[in-house]
Amino acid sequence: MSGPWRSWAVSLSAGEARGACGATAHQVVCASDSGGLVGRSRADGRVSWSVDAHEHGKSAGLVVDTADERAVTGVAGVLRAADLRTGATAWTHRLPSGDASTVLGAADGVVYALDATDSSSSAAVLDAVRAVDGTSLWRRTVAWAPREPLAAFGGRVYTADGTEVTARDARTGAIVATSPTGFRCDHLVTGGRYLVCTGSPSFAGDTFPPMRRLDPAMLRPLPTPRNTSDKPVRGLISDDGVLVLYEAGAEDTSAGNWNAYDLNNNRRLWSSDATESDAAIADDRFVTFTRVSDRTTRGRVITADLHAGPRATGAAAPRMSEPYPQTKDAEHPLLVVPPGTTAHLLVLARTHPSLRSLQLP
């Protein structure tokens, strides 16, 4: 795990490609669809440690809690944590529902698991366990729409059911705020300490409700930049309040636009046409993949100044990587960003399972 970030590429197991990968400032961690965890060196991608597991089911993803030195994943109703320093199994925690639709989150020393026994139901169970040792803190039945995110910050945990947003106290699970009656939140976008409601990416239609920012304390609507009339497909929010939202036609989301909005100053910053692909924010830059339709530049990572956008010039102009096997659209690549200013990022290729570390363009 020692040594600086360097450029490298390694093969992954099919199970890791079906799971998820994350990173700390010192290493890469991947979770498999069997519930196992693998730690890799940031210097060369070699395996430093592994935690085996033999569950069978859909991976709940991965949370990497650097403050408590834990990596946590979940498969078939079993949460498993590894010690980031030693690679030893730190704890396991069995959820009551078994194999189910699960979303993980972590903040302030607590790991959250939102677990739905029936994907067609709006009811789910929210478990809170202590990150250090897996001790159960509380469990609550909540209203939740599958595929909605779980947000936790500032001593609160937030859930959404496709209509309403609810805030709970992180220590007790008690409800402390709900979004106003008559205010509809079809889909919740979170990042930093921001909450933004948009239309649902799961539904097609001619019109979509306007996006609205919510006050995290009372969940009241706040002034919000005006968005386009296209379908909101996915979004991410920087720590300083820039929302980048991919919006596309309701019937075909393969081509659309990335639109950037300044949530604090209530204005749109820039817009750029794109094809639907993964995106991230790293070192105050927006990171995504080049458009499939651009024959001369496709199959690369492209970065743009988060505030100036892809049409900026000079020092703020966009930058592109070299083409790599992992960055081809046919590999269905995902971006993994180490925290801090590492000047590196990772690309997880899922078609031919592999992981590439490369310098941030």
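The chain is numbered in sequence order, starting from 1. This is a predicted model, so every value here is computed, not measured.
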Visitor: Does any part of the side chain of W49, heavy atoms only, come nearer than 4.5 Å to the side chain of Q27, both counted from C-beta?
Guide: yes

Visitor: Does the D294 side chain pair with the main chain of T296, one donor and one acceptor, at a distance under 3.5 Å?
Guide: no

Visitor: Linking I/L/V/M/F/W/Y whenever any side-chain heavy atoms sit under 4.5 Å apart, do L345 and V336 land together?
Guide: no

Visitor: Quick one: are the ring centres of F208 and F203 less than 6.0 Å apart?
Guide: no

Visitor: Verify the distance criterion only: is there a donor paired with an acceptor across the side chains of E247 and N259 at less than 3.5 Å?
Guide: yes

Visitor: Does the side chain to side chain contact (heavy atoms under 4.5 Å, CB included) test come out yes or no for R226 and R268, once each step is laid out?
Guide: CA-CA 7 Å; R226 186 175 175 179; R268 189 162 77 162; over 6 Å; no

Visitor: Hey, are R46 and D44 close enough for a salt bridge, meaning a charged N less than 4.0 Å from a carboxylate O?
Guide: yes

Visitor: For L348 and Q326, what are the C-alpha separation, side-chain angles and deciding distance, and is it a side chain to side chain contact (heavy atoms under 4.5 Å, CB included)?
Guide: CA-CA 7 Å; L348 170 63; Q326 291 80 10; over 6 Å; no

Visitor: Side chains of P333 and R350, heavy atoms from C-beta outward: is any pair under 4.5 Å?
Guide: no

Visitor: I want to know whether Y261 and W270 have ring centres closer than 6.0 Å.
Guide: no

Visitor: Could you give the distance from CZ (F289) to CE (M320), rounded to the nearest 0.5 Å?
Guide: 14.0 Å

Visitor: What's the separation between atom CG in L214 and atom CG in L188, rounded to the nearest 0.5 Å?
Guide: 7.0 Å

Visitor: At their closest point, which heavy atom of G61 faces which heavy atom of T73, and how far apart are they?
Guide: O-OG1, 2.6 Å

Visitor: Taking side chain as C-beta onward, heavy atoms only, is W91 less than 4.5 Å from V132?
Guide: no

Visitor: Salt bridge check: are D215 and R220 linked by an N-O gap of less than 4.0 Å?
Guide: no

Visitor: Would you check if the side chain of R285 reaches a backbone N or O of I302 as a donor-acceptor pair within less than 3.5 Å?
Guide: no

Visitor: Of the options D329, D273, T297, which is the one that meets R291 in a side-chain hydrogen bond (donor to acceptor under 3.5 Å, both in side chains)?
Guide: D273

Visitor: Is there a continuous path of hydrophobic side-chain contacts, each under 4.5 Å between heavy atoms, that joins L222 to V165?
Guide: no

Visitor: For the backbone of L346 and the side chain of S357, can you confirm whether one donor and one acceptor N or O come within less than 3.5 Å of each other?
Guide: no

Visitor: Side chains of H26 and T66, heavy atoms from C-beta outward: is any pair under 4.5 Å?
Guide: no

Visitor: Using only atom types and a distance under 3.5 Å, with no angle test, would you say the side chain of R213 pairs donor to acceptor with the backbone of L263?
Guide: yes

Visitor: Examine distances only and state if a side-chain atom of Y158 and a backbone atom of P216 form a donor-acceptor pair shorter than 3.5 Å.
Guide: yes

Visitor: With a 4.0 Å cut-off on N to O distance, would you call D239 and R193 a salt bridge?
Guide: no

Visitor: Do V75 and H56 come within less than 4.5 Å of each other through their side chains, counting heavy atoms only?
Guide: no

Visitor: If I compare all heavy atoms of A25 with all of P339, which pair ends up nearest, and what's the gap?
Guide: N-CG, 3.8 Å

Visitor: Just by distance, do the side chain of S354 and the backbone of A349 share a donor-acceptor pair under 3.5 Å?
Guide: no

Visitor: In this structure, would V142 and F153 fall into the same cluster of hydrophobic residues linked by side-chain contacts under 4.5 Å?
Guide: no

Visitor: Any donor and acceptor pair, going by atom type alone, linking the side chain of R80 with main-chain N or O of T92 inside 3.5 Å?
Guide: no

Visitor: Side chains of L84 and R70: does their closest heavy-atom pair fall under 4.5 Å?
Guide: no

Visitor: Roughly how far, to the nearest 0.5 Å, is OG1 of T178 from CE of M218?
Guide: 9.0 Å

Visitor: I want to check something: taking the side chain as every heavy atom from C-beta on, are L360 and V287 in contact at a cut-off of under 4.5 Å?
Guide: yes

Visitor: Of all heavy-atom pairs between T303 and P361, which one has the smallest distance, and what is that distance?
Guide: OG1-O, 2.9 Å

Visitor: For the backbone of N264 and the side chain of D262, can you confirm whether one donor and one acceptor N or O come within less than 3.5 Å of each other?
Guide: yes

Visitor: Would you call R356-E331 a salt bridge at under 4.0 Å N-O?
Guide: no

Visitor: Side chains of V347 and L355, heavy atoms from C-beta outward: is any pair under 4.5 Å?
Guide: no

Visitor: Using every non-hydrogen atom in the two residues, find where A152 and Y112 come nearest and quote the distance to one decimal.
Guide: CB-CE1, 3.7 Å

Visitor: Just checking, any donor-acceptor pair under 3.5 angstrom between side chains of D33 and S59?
Guide: no

Visitor: List the steps and the verdict of side chain to side chain contact (heavy atoms under 4.5 Å, CB included) for Y194 and V242.
Guide: CA-CA 10 Å; Y194 296 87; V242 175; over 6 Å; no

Visitor: We want to know whether S179 and E164 form a side-chain donor-acceptor pair, criterion being a heavy-atom distance below 3.5 angstrom.
Guide: no

Visitor: Under 3.5 Å, is there a donor-acceptor pair between the S254 and E276 side chains?
Guide: no

Visitor: Between F286 and A279, what is the shortest heavy-atom contact and its length?
Guide: CE1-CB, 3.6 Å

Visitor: State whether the side chain of R234 and the backbone N or O of S277 hold a donor-acceptor pair below 3.5 Å, judged by distance alone.
Guide: yes

Visitor: Taking all heavy atoms of A248 and all of Y246, pick out the closest pair and write down the distance.
Guide: CB-CE2, 4.0 Å

Visitor: To the nearest 0.5 angstrom, please state how far the OG atom of S13 sits from the CZ atom of R18.
Guide: 8.0 Å

Visitor: Once rounded to the nearest 0.5 Å, what's the spacing between atom CG of D252 and atom NZ of K231?
Guide: 10.0 Å

Visitor: Atom CH2 of W5 and atom OG1 of T342: how far apart are they, to the nearest 0.5 Å?
Guide: 6.5 Å

Visitor: With clusters defined by side-chain heavy atoms of hydrophobic residues (ILVMFWY) lying less than 4.5 Å apart, directly or transitively, does L306 cluster with L245?
Guide: no

Visitor: Are R171 and D169 within salt-bridge range, i.e. N to O under 4.0 Å?
Guide: yes

Visitor: Before you tell me yes or no, could you show the steps for I281 and V337 under side chain to side chain contact (heavy atoms under 4.5 Å, CB included), namely the whole-Å CA-CA distance, both residues' side-chain angles and the distance that decides it to 0.1 Å?
Guide: CA-CA 8 Å; I281 293 173; V337 177; over 6 Å; no

Visitor: Do you reckon L79 sits in the same ILVMFWY cluster as V63, going by side-chain contacts under 4.5 Å, direct or chained?
Guide: yes

Visitor: Do the side chain of W8 and the main chain of R42 share a donor and acceptor less than 3.5 angstrom apart?
Guide: yes

Visitor: With no hydrogens and no angle check, just 3.5 Å: does a side-chain donor-acceptor pair link H332 and D278?
Guide: no

